[in-house]
Amino acid sequence: AQKVTQAQTEISVVEKEDVTLDCVYETRDTTYYLFWYKQPPSGELVFLIRRNSFDEQNEISGRYSWNFQKSTSSFNFTITASQVVDSAVYFCAGSTGTASKLTFGTGTRLQVTL
Amino acid sequence: KAGVTQTPRYLIKTRGQQVTLSCSPISGHRSVSWYQQTPGQGLQFLFEYFSETQRNKGNFPGRFSGRQFSNSRSEMNVSTLELGDSALYLCASSADRGRSGYTFGSGTRLTVV
């Protein structure tokens, strides 16, 4: 069995603040994949990043960065200098084996205001 | 490049009826997965199809079924609709069964009255 925990239900920040969204993934498998998705009000899930369990390198893409620490089972997502357009629900997800079945966390709603 | 297309976008059905939702994956993607999203249960995996065969199934009753055609388009069917089936149904496609990530469609919002 696997479990994805996003303890933060809702976060509100003012534009230009940095914000970190937490995710903890628990599984007994040694090979697994981790994902972050963004869901704007339109409903579509937008793919942000994928990591596999053997790749602990941090990744930066523009204002987004991800920190994966296998020792603590955490895969956290930081938005630097947040913008109003970042307002959305963010989901962390994990998958073992073939990666074809995603287990999602409950999501973190991020509200960025002016 | 066209994304994942789901039709219809919105649907209202009466309890006891059946419904069919359609998903056209990105061209070249042979893997299609379906998810149900509700406020109470969140995002839950329904099933995955690859090369016209169901490869994975979530924990849903037999009223939920699906299929995939030779052109990779997929349909899901829900029979004997219940009020609790009201949800956003999301379809996702992948070229490699999710290893590099899934691309999701905008979903079909089903309301059962």
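Proteins get letters first, then strands, A, B, ... in listed order; numbering begins at 1 in each.
With a 4.5 Å cut-off on non-hydrogen atoms, B:Gln37 touches chain A through its side chain but not through its backbone. Only the side chain of B:Tyr35 comes within less than 4.5 Å of a heavy atom in chain A; its backbone stays farther off. If you measure heavy-atom distances from B:Ser94 to chain A, you find no contacts under 4.5 Å at all. For B:Leu88, the part sitting under 4.5 Å from any heavy atom of chain A is the side chain, from C-beta outward, and nothing else. Heavy atoms closer than 4.5 Å to chain B are found in the backbone of A:Ser42, but not in its side chain.
Contacts with chain A were tallied for B:Leu43, B:Leu90, B:Thr103; B:Leu43 has the most, counting heavy-atom pairs under 4.5 Å. Ranked by non-hydrogen atom pairs under 4.5 Å with chain A, the options B:Gly101, B:Gly42, B:Gly107 are led by B:Gly101. Residue with the most contacts toward chain A among B:Phe50, B:Phe47, B:Phe45: B:Phe45 (heavy-atom pairs, distance under 4.5 Å).
The existence of a salt bridge linking B:Glu48 and B:Arg97 is confirmed by a sub-4.0 Å separation between a basic side-chain nitrogen and an acidic carboxylate oxygen. Note on B:Asp85 versus B:Lys13: no salt bridge recorded, every NZ/NE/NH1/NH2 to OD/OE distance being 4.0 Å or above.
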Can A:Tyr25 and A:Thr103 be said to form a side chain to side chain donor-acceptor pair (under 3.5 Å), step by step? CA-CA 10 Å; A:Tyr25 180 67; A:Thr103 297; over 6 Å; no
For A:Thr20 and A:Thr78: C-alpha separation, side-chain torsions, deciding distance, then whether side chain to side chain donor-acceptor pair (under 3.5 Å) applies. CA-CA 4 Å; A:Thr20 295; A:Thr78 297; 2.8 Å; yes
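Between the OG1 atom of A:Thr108 and the CD atom of A:Gln6 there is a distance of 4.5 Å, given to the nearest 0.5 Å.
Residues A:Phe77 and A:Tyr64 bring their aromatic ring centres within 6.0 Å.
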